[in-house]
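Okay, so here's the structure we're looking at.
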Amino acid sequence: MNEKQQKLDSRYLRMARIWAENSYCVRRRVGALVVKNKMIISDGYNGTPTGFENVCEDENNVSKPYVLHAEANAITKLARSNNNSDGATIYITASPCIECAKLIIQAGIKRVVYGEKYRLDDGIKLLERAGIEIVYLEV
């Protein structure tokens with residue numbers, strides 16, 4: 001990867017971190033940006049579906065089952081727009097779970113840049129199997 005691409009990746013990942021600050025989740029805040037042709041075409045952060053209360057965890061501090069991940073929010077937001085993610089890059093503050101990896105594959109995203117490793121790596125393995133370029137950027 002060239003130096004210019006590395007700088008762009010770092011900038012977009014920093015922006016995804018800032019976007020994660022919009023999350024109402026207490027345990028973990030995650031942000032995602034979908035970029036195509038150097039333009040942000042979608043964004044997302046983890047949280048509850050539209051119209052639900054902005055509380056992600058139950059009284060035992062466990063995530064509610066209907067909380068959406070940042071990647072899912074960003075990708076489904078594209079479905080309501082005139083944009084498409086064919087060939088795009090998604091920048092995520094944490095590595096994707098297997099469910100989000102499936103959405104990334106089906107959305108035609110060709111590159112995933114993430115900044116924090118999640119305890120499970122099945123999502124990353126699935127993306128590798130699909131031939132998607134994966135970049136881990138430590139900060």
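Through direct or relayed side-chain contacts under 4.5 Å between Ile, Leu, Val, Met, Phe, Trp and Tyr, M39 connects to no other residue. Here L68 is tied to no hydrophobic group at all, with no ILVMFWY side chain closer than 4.5 Å. Here W19 is tied into one hydrophobic group with Y45, each link being a pair of ILVMFWY side chains closer than 4.5 Å. Hydrophobic cluster membership of L120, counting Ile, Leu, Val, Met, Phe, Trp and Tyr whose side-chain heavy atoms lie under 4.5 Å apart directly or via other members: Y118.
The salt bridge (charged side-chain N to carboxylate O under 4.0 Å, His left out) analysis of residues 64-90, with sequence neighbours excluded, yields the pairs D43-K77, E53-K64. Sorted by first then second residue, the salt bridge (charged side-chain N to carboxylate O under 4.0 Å, His left out) pairs that include residues 94-103, not counting sequence neighbours, are E99-K102. Sorted by first and then second residue, the disulfide (SG to SG under 2.5 Å) pairs involving residues 58-111 (not counting sequence neighbours) form an empty list.
For F52, the ring pair (Phe, Tyr, Trp, His ring centres under 6.0 Å) test picks out Y66, with sequence neighbours left out. For Q106, there are no side-chain hydrogen bond (donor to acceptor under 3.5 Å, both in side chains) partners two or more places apart in sequence or in a different chain. Residues satisfying the side-chain hydrogen bond (donor to acceptor under 3.5 Å, both in side chains) test with R28, not counting sequence neighbours, are E116. Residues passing the salt bridge (charged side-chain N to carboxylate O under 4.0 Å, His left out) test with D122, sequence neighbours excluded: none. With sequence neighbours excluded, the residues satisfying disulfide bond (SG atoms under 2.5 Å apart) with C25 are C56.
Not one N or O on the side chain of T89 forms a donor-acceptor pair closer than 3.5 Å with the backbone of V35.
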